[in-house]
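Reminder, nothing fancy here: chain letters follow the sequence lines and each chain counts from 1.
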2 protein chains.
Amino acid sequence: MSQQSVTMADVAKAAGVSRTTVSFVLNGRMESSIPESTRERINQAARDLGYRPNAAARTLASKRSSWFGLVTEIATSPFATDVIKGAQQAAWEDGNFLLVAPSDAEPGMDHRAVEKLLEQQVGGLIIATTWHREITVPANARAVPCVLVNCFDADGEFPSVVPDEIGGGYVAAEILANAGHTNIGHITVATGIPAQIGRQTGMKQALREHGIEQDDSKIVPGDGTADSGYHGTQTLLSQPDPPSAIFCGNDRIAMGAYDAIKELGLRVGEDISIVGFDDQEILAPHMRPKLTTIALPFEEMGLAGVSLLNQMVEGSPIENRQITIGCPPRIRSSVALHGQR
Amino acid sequence: MSQQSVTMADVAKAAGVSRTTVSFVLNGRMESSIPESTRERINQAARDLGYRPNAAARTLASKRSSWFGLVTEIATSPFATDVIKGAQQAAWEDGNFLLVAPSDAEPGMDHRAVEKLLEQQVGGLIIATTWHREITVPANARAVPCVLVNCFDADGEFPSVVPDEIGGGYVAAEILANAGHTNIGHITVATGIPAQIGRQTGMKQALREHGIEQDDSKIVPGDGTADSGYHGTQTLLSQPDPPSAIFCGNDRIAMGAYDAIKELGLRVGEDISIVGFDDQEILAPHMRPKLTTIALPFEEMGLAGVSLLNQMVEGSPIENRQITIGCPPRIRSSVALHGQR
DNA sequence: ACGATTTGCTAACACGATTCAGTAACGCGC
DNA sequence: GCGCGTTACTGAATCGTGTTAGCAAATCGT
């Protein structure tokens with residue numbers, strides 16, 4: 001109906017020049033010598049007619065598209081948002097678009113998603129996961145430059161961007177150590193995944209450097225739920241020498257820990273200090289007291305992924321194929337000074 | 001480099017037919033009489049060569065694209081995810097794509113976003129917001145069919161999909177009334193927005209039908225934060241005849257309410273019953289006790305939006321321009337029977 | 001056995017850009 | 001007034017597909 005699309009030819013006619021000239025002017029090709037007067041005339045005509053370039057035609061003719069594909073598990077995640085946001089932002093600034101495809105549910109879905117994206121002529125691919133882990137990349141993803149975000153492949157064939165779990169664990173423990181705590185508990189986020197291994201490694205290192213030794217009984221396995229935090233905390237606090245501080249593997253665990261502590265008649269951030277992990281925005285700043293935690297830099301990871309992809313598409317050499325993004329602490333009110341004075 | 005794109009012409013040559021025939025077969029045009037044997041030969045050739053259709057060329061030639069544009073505030077929202085997810089799913093099932101553009105930050109951004117999407121030849125637009133409200137639609141959105149999700153325009157020019165706030169408020173109050181509560185408090189989610197007005201209206205209606213009259217002092221204004229829930233609850237419970245149940249305008253308010261109740265030495269779900277609103281997945285099911293709340297149907301709204309858009313694009317008449325999606329209760333453990341026996 | 005219909009395909013134009021190769025007009029030095 | 005370089009453009013091919021119109025051969029009806 002109102003599909004009265006104005007084409008370059010229309011603009012050309014209106015300005016009294018050829019399509020070629022219009023193309024040069026509108027794309028800002030300066031190497032062709034076209035006087036300011038003509039440029040202005042063409043731009044004016046384009047504006048008057050309400051000219052809107054046809055991206056499909058452009059893609060076809062130039063063999064270069066203005067978008068990247070992002071494959072992610074939309075389903076289970078408040079995190080996906082942040083990755084998308086960061087990637088979106090970076091792409092948008094270069095005039096690029098993000099085509100988001102879901103990789104949920106059945107296996108093989110990701111292969112189909114990549115296939116669909118390739119059909120759309122994406123210039124590059126980002127594959128992102130909601131929790132940090134190893135994945136096997138669908139074979140067809142090799143057709144274009146591809147970057148992994150929050151995940152990695154076994155042989156390191158693909159460049160990847162992951163959070164610095166070790167650094168995060170280190171900072172968490174350091175915060176507690178610096179506050180004077182020497183008896184520190186830890187409830188793990190899960191067992192055997194990069195998040196748990198990294199965070200625990202970082203914690204151990206920080207404690208060692210502060211001359212604190214941590215008994216194995218102070219580390220209790222959790223499963224990422226508030227329930228596991230609740231029970232883990234009960235376990236820790238019922239020991240003969242209960243810790244004065246607990247590093248919780250994630251914010252939900254911290255949430256459960258709060259409940260257990262309060263039920264025992266103790267006060268979080270006074271009697272017992274807590275540090276979480278993830279910095280979930282609808283959780284951590286709203287807990288009482290507000291949770292001190294370590295942020296997972298999803299937005300920055302999405303951003304870094306797109307930057308990396310841009311470099312690859314432009315053919316620049318990649319100096320660093322394994323980018324880790326720092327996990328910055330968010331100091332709030334759940335850690336108390338503990339001390340010997 | 002590996003851009004060895006296989007075209008229809010290649011498939012045609014391999015199968016020993018013309019390009020036209022390949023196009024017919026691959027698009028499943030049955031009105032042209034082509035024997036099964038030829039079809040099979042062509043399909044085989046396409047598979048062997050790894051043929052992948054070029055969406056840009058297809059869009060250009062057919063003047064119909066396989067994607068919709070979704071404009072949303074990516075930034076501030078765990079909700080955006082769900083809308084995207086629902087829309088994604090619906091679009092995907094019809095072989096369509098969702099092009100997601102951010103409308104954040106500066107005003108005018110949404111206009112630019114729509115412009116960009118139109119350049120990509122989107123066949124329709126969805127404009128979604130993170131909280132239910134009135135918006136002014138960018139003028140250029142009228143170029144293609146356009147549906148509003150979780151928002152609406154002043155004159156109802158555009159079809160919209162919004163949550164049934166009144167129904168949600170009704171159900172929330174009904175849950176409490178049915179449990180035997182007659183003295184019910186309410187902490188509003190904000191002041192003067194559709195969510196507050198609708199939920200409060202629904203609550204009043206339910207209470208009236210149950211023969212319960214609610215004093216104005218039982219309604220305290222909140223601002224959507226946990227803090228306002230905390231203080232609101234203190235206000236309510238320090239009254240001469242404190243309520244036995246509180247309907248919280250959202251889940252974060254409920255979170256604050258929990259803290260206030262526990263601090264007073266009372267037990268949530270036993271001494272005081274709580275109903276929330278939103279059903280934030282990383283919050284409500286993890287609270288202790290698990291929060292009974294009313295869900296905001298973001299995913300369904302995204303889905304409904306795309307369905308509506310599909311109808312419009314196909315030119316079907318729209319029977320219902322103002323779709324409201326129900327807000328279903330999620331019964332958990334924060335409501336206790338209160339009673340006269 | 002002959003015209004009419006069906007079957008099985010193909011030629012050719014269109015879509016809206018990009019881009020390479022080329023050219024007409026003009027100024028300028030000598 | 002001839003050659004040369006610059007300025008200001010334009011023509012035509014190309015990208016990969018959709019789509020209409022039509023053609024040759026096979027089949028059918030009588």
A:Asn27 side chain, from C-beta outward: closest of C:dA17, C:dT18, D:dC9: C:dT18
The side chain of A:Thr20 is closest to which nucleotide in this list: C:dT19, C:dA17, C:dG8? C:dT19
Within the distance-only criterion (no hydrogens, no angle test), does the side chain of B:Arg19 pair as donor or acceptor with the backbone N or O of B:Val11 below 3.5 angstrom? no
I want to check something: taking the side chain as every heavy atom from C-beta on, are A:Val71 and A:Val100 in contact at a cut-off of under 4.5 Å? no
Please tell me if B:Arg29 has a side-chain N or O lying less than 4.0 Å from either OP1 or OP2 of D:dG18. no
What contact category does B:Ser62 fall into here, base, sugar-phosphate, or nothing, at under 4.0 angstrom with non-hydrogen atoms? sugar-phosphate
Looking at every strand, decide which applies to A:Arg39 at a 4.0 Å heavy-atom threshold: base, sugar-phosphate, or nothing. nothing
Between D:dT10 and A:Thr21, is there an OP1 or OP2 to side-chain N/O distance shorter than 4.0 Å? yes
Does some side-chain heavy atom of B:Pro163 sit less than 4.5 Å from a side-chain heavy atom of B:Ile325? no
For A:Asn54 and C:dC15, is the shortest distance between a side-chain N/O and OP1 or OP2 below 4.0 Å? no
Reading DNA chain D from 5' onward, which residue's closest nucleotide shows up sooner: A:Arg19 or A:Arg41? A:Arg41
The side chain of A:Arg58 lies closest to which of these nucleotides: C:dG16, C:dA17, D:dG16? C:dA17
Within this structure, what is the CE-to-C1' distance between A:Met8 and C:dC15, rounded to whole angstrom? 14 Å
For B:Ser18 and A:Tyr51, find the nucleotide of DNA chain C closest to each by heavy atoms; which residue's nucleotide sits nearer the 5' end? B:Ser18
Looking for any heavy atom pair under 4.0 Å, which part of the strands does A:Thr7 touch: base, sugar-phosphate only, or nothing? sugar-phosphate
Check the distance between D:dT17's C1' and A:Gln121's CD and give it to me in whole angstrom. 11 Å
Go through the side-chain N and O atoms of A:Gln322 and A:Ser160 and say whether any donor and acceptor fall under 3.5 Å apart. yes
Using distance alone, with no hydrogens and no angle criterion, decide if A:Thr21 and A:Ser18 have a side-chain donor and acceptor under 3.5 Å apart. yes
For C:dA17, does OP1 or OP2 lie under 4.0 Å from any side-chain N or O of A:Lys63? no
Salt bridge (Lys or Arg N to Asp or Glu O under 4.0 Å) between A:Arg64 and A:Glu314: does it pass, once the steps are laid out? CA-CA 11 Å; A:Arg64 296 175 293 110; A:Glu314 283 163 15; over 6 Å; no
Assign each of B:Ser33 and B:Ala61 the nucleotide of DNA chain C bearing its closest heavy atom; nearer the 5' end lies the nucleotide of B:Ser33
Nearest-Å distance, CD (A:Glu119) to P (D:dT17)? 10 Å
Sugar-phosphate only, base, or nothing, as touched by B:Thr59 at under 4.0 Å among non-hydrogen atoms: nothing
Value in whole Å for how far the C1' atom of C:dT18 lies from CG of A:Leu60: 10 Å
Does A:Ser23 make a side-chain N or O approach to OP1 or OP2 of C:dA17 shorter than 4.0 Å? no
d(CG, B:Leu49; P, D:dG16) in whole Å: 14 Å
Could you tell me how far apart B:Arg64 (CZ) and D:dT17 (P) are, to the nearest whole angstrom? 15 Å
Interatomic distance where CZ belongs to A:Phe24 and C1' belongs to C:dC20 [whole Å]: 8 Å
When the distance from CG of A:Asp10 to C1' of C:dA17 is rounded to whole Å, what number comes out? 13 Å
